[in-house]
Amino acid sequence: MKHPDTAARGQDPSCGLECRPRYPCPVRDPFVMRLTQLPLTTLKETPADAEIISHQLMLRAGLVRRLSSGLFTWMPLGLRVLRRVERIVREEMNRAGALEILMPAVQPAELWQETGRWDLYGDLLLRIRDRHERDYCFAPTAEEVATEIARRELRSYRQLPVNYYQINTKFRDEIRPRFGVMRAREFVMKDAYSFHLDQASLDATYDTMADAYARIFTRLGLRFRKVDADGGEIGGSRSQEFHVLADSGEDRIAWCEGDSYAANVEMAPTAPADLPRPPATQSLARIATPGVRSIDEVAAFLQVSATQCLKTLVVEGTDGGLIALLLRGDHALNPIKAERAPGVARPLKLASPERILTVTGAPVGSLGPVTLKLPQVADHSALHLADFVCGANVADAHLTGINWERDLPLPTAFDLRNVENGDPSPGGGGALTIARGIEVGHIFQLGDKYSRSMHAVVLDQDGKERVMTMGCYGIGVSRIVGAAIEQNHDANGIVWPEPLSPFDVILIEINPKKSEAATAAANTLYNELQNAGYEVLFDDRDARPGVKFADADLVGIPHRIVVGERGVKEGKAEYRHRQSGTEEQVGLTDVLDFLRARREVPRQG
RNA sequence: CGGGGUGUAGCUCAGCUUGGUAGAGCGCUUGCUUCGGGAGCAAGAGGUCGCAGGUUCGAAUCCUGUCACCCCGACCA
């Protein structure tokens, strides 16, 4: 039997069907918005396996439940947040001229074999076999399918450019899922794929997408940065990431206010020092350093700063030999840069301690460039050292007072290290700031990597086949929910930005069984708010006030209206703003006007 | 994959060293009293102690294996 979904807001709840009193008719409201009808399970205690705050709060507030490693069920409140993110993403993608489609989440191996990714993708790809023993995968991304669609549908340059997108579940069999929905194995992603006749068209769409992304994250109420990024395996010339700023982020990004330079730390270049190297003041000496291995130990033992030490890392070379990489003691090797250094094998691989001992005769903790019989590449800042300290290539001994050119020749100079807070910006506008970010968006220019291998062509003006050039553009929809919480919470729980909150307003009635006048006032207000277009969560539970307040704070709905016997006698309700904590008494009949003044436009529908 | 850790009630955990009838707090149910920031009292429901072997008169506890989950690392359009 079908429920007539006709009960208008604010009207008699009767839907014309017989509902037994114990089971109130569920179609009374446009959504189930009464807490007596929505089994919300909040947790006072933090579940043991939740590491970061967003994961803890999502579990405590009943937004998601873990089913298995990296797999989550989105519960009613959480799903509403996810839908709000999707909605904004969808609106802005449509506005930017992209076309929504929905591709299969399960994809045939043949397509992935065409581009070679069936073999290249490795264990991250979840492979499935059907009853006919045919191979499939659960899509971690959809370049192949999008390209397949384009090569079948698009015949003429006149149809270009086209930008297809979808919002769909993806699966990546992550080695280690963690941080709740932030690095889940199954997740919701918006992915878009654009097709062009030439680079100029690709550039235009790429820029349009960059603008759309900025609009999306701005509308979501998030603090974010767009940064230059490494294209990674996906290839292509231009690539930028959008990061939500949060201390728990897995990425580090660097930017400069002075010149608007911004890049992932893995990308930001360092330059040779402007100033000449300081003059040598010490003479070379050899010191016994029994048991001293790490830079920290060396610095402590010799009473020098780590910045006076030279770090020697040994990696495998392209010719099968070893190469020494030299860094200042306090600097960190940047693997992506190191892979570009002359003679270094890709992917970067540190040499094993055993092999280093065999080849150099010295243990890992006692290496240094002086007398080292290996090709050497030095970071710019390592070459700026004077009177520095390093291993003596003999166990338990270090050299001090070393100076370039006097004690050893200058090796090849290269940019090998990560930038650090305060390093000069490549843009020349001052010092870099470094912060942690959560990658929530990534845009790429793919070029013809996929379209060429899959022969995705159109005819140009001259009737000649031209391989289309492609861009792709991703947004981690479910990850955004976690990232937003990382950025917006306090000691009492989540503090949703208005556009993301599962509800616009939470209405709390104090002691529902005590005062008929208060109950009537609360129900009237509830209906009025709904009629005005607000999505209202009505806490009509027969629970103690403290419990309701605590739940309201935990769930984080931005605007709270409390109706109780005390206030109703004076014709008042109480308003509280979740973020600022400010409270005000508001006349029961003034609530709508009051909220209107405090909120952005009530959402449509 | 390497290293570390944990599996006992829905959740957080104790009990295990030294084997002897399964525990606490929170949550849940019922009643009474309460009621504007996570109430009090009383009475309840709820666990084949991850699973499989083994040792033993007897195993949550000891042994072996196995599975799951978590943390660190490597990895990550």
> Taking the nucleotide of RNA chain B with the closest heavy atom to each, which residue, Ala50(A) or Glu439(A), is nearer the 5' end?
Replying inline: Ala50(A)
>> I'd like to know if Glu486(A) pairs up with Arg436(A) as an ion pair, taking the criterion as any Lys NZ or Arg NE/NH1/NH2 lying under 4.0 Å from an Asp or Glu carboxylate oxygen.
In response: no
>> Of the listed nucleotides (rC35(B), rC76(B), rC70(B)), which one gets closest to any side-chain atom of Asp49(A)?
In response: rC70(B)
>> Can you identify which nucleotide, out of rG36(B), rC26(B), rA74(B), has its nearest atom closest to the Phe549(A) side chain?
In response: rG36(B)
> Which one of Val244(A), Val440(A), Ile485(A) satisfies the side chain to side chain contact (heavy atoms under 4.5 Å, CB included) criterion with Ile480(A)?
Replying inline: Val440(A)
>> Going by purine N1 to pyrimidine N3 plus the second Watson-Crick contact, or the G-U wobble pair, all under 3.5 Å, which nucleotide sits opposite rU21(B)?
In response: none
> Mind checking who rC69(B) pairs with, Watson-Crick or G-U wobble, both distances under 3.5 Å?
Replying inline: rG5(B)
> If you look at every strand shown and take non-hydrogen atoms under 4.0 Å, does Arg185(A) touch a base, only sugar-phosphate, or nothing?
Replying inline: nothing
>> Using a 4.0 Å heavy-atom cut-off, does Asp123(A) contact any base of the nucleic acid, only the sugar-phosphate backbone, or nothing at all?
In response: nothing
>> Between Glu174(A) and Gln585(A), which residue's closest nucleotide on RNA chain B lies nearer the 5′ terminus?
In response: Gln585(A)
> Of the nucleotides rA39(B), rG38(B), rC72(B), which has the atom closest to the Arg544(A) side chain?
Replying inline: rA39(B)
>> Tell me if a side-chain donor or acceptor on Asp251(A) pairs with a main-chain N or O of Asn264(A) at a distance below 3.5 Å.
In response: no
> For the base of rG37(B), is there a side-chain donor-acceptor partner from Arg560(A) under 3.5 Å away?
Replying inline: yes
>> Can you tell me the base-pairing partner of rA42(B)? Count Watson-Crick or G-U wobble geometry only, both distances below 3.5 Å, and say none if there is no partner.
In response: rU30(B)
>> Counting only side-chain nitrogens and oxygens, does Lys44(A) get under 4.0 Å of the OP1 or OP2 atom of rG27(B)?
In response: yes
>> Is Ser69(A) close enough to rC70(B) that one of its side-chain N or O atoms is under 4.0 Å from OP1 or OP2 there?
In response: yes
>> Using Watson-Crick or G-U wobble geometry with both distances under 3.5 Å, which nucleotide pairs with rC16(B)?
In response: none
> Do Arg576(A) and rG36(B) share a donor-acceptor pair, side chain to base, under 3.5 Å?
Replying inline: no
>> Categorize Asp553(A) for me: base, sugar-phosphate, or nothing, with a 4.0 angstrom heavy-atom threshold over every strand shown.
In response: base
> What distance, rounded to whole Å, do you find between the two C1' atoms, one in rC67(B) and one in rG50(B)?
Replying inline: 7 Å
>> Any base atoms under 4.0 Å from Ser68(A), or only sugar-phosphate, or nothing? Heavy atoms, all strands.
In response: sugar-phosphate
>> Let's see if you can work this out: which of rA39(B), rG37(B), rC75(B) has an atom nearest to the side-chain heavy atoms of Glu583(A)?
In response: rG37(B)
> Using the P atom in both, what is the distance from rU18(B) to rC62(B), to the nearest Å?
Replying inline: 9 Å
>> Using a 4.0 Å heavy-atom cut-off, does Arg66(A) contact any base of the nucleic acid, only the sugar-phosphate backbone, or nothing at all?
In response: sugar-phosphate
> Mind checking whether Phe444(A) and His442(A) have parallel, tilted or perpendicular rings, split at 30° and 60°?
Replying inline: parallel
>> Checking base pairs now: Watson-Crick or wobble, both atom distances under 3.5 Å. What partners rU55(B)?
In response: none
>> If I pick the P atom on rA39(B) and the same atom on rC26(B), what distance separates them, to the nearest angstrom?
In response: 11 Å
> Considering only rG38(B), rU12(B), rA39(B), which nucleotide approaches the side chain of Pro47(A) most closely?
Replying inline: rU12(B)
> Does Asn511(A) get its side chain close enough to the base of rG36(B), under 3.5 Å, for a donor-acceptor pair?
Replying inline: no
>> Using a strict threshold of under 4.0 Å (side-chain N to carboxylate O), is an ion pair present between Arg117(A) and Glu144(A)?
In response: yes
>> OP1 or OP2 of rC72(B) versus the side-chain N and O atoms of Arg176(A): is any pair under 4.0 Å?
In response: yes
> With a non-hydrogen cut-off below 4.0 angstrom, is Glu250(A) in contact with a base, only sugar-phosphate, or nothing?
Replying inline: nothing
>> Ring-plane angle category for His577(A) and His559(A), please: parallel below 30°, perpendicular beyond 60°, tilted otherwise.
In response: tilted
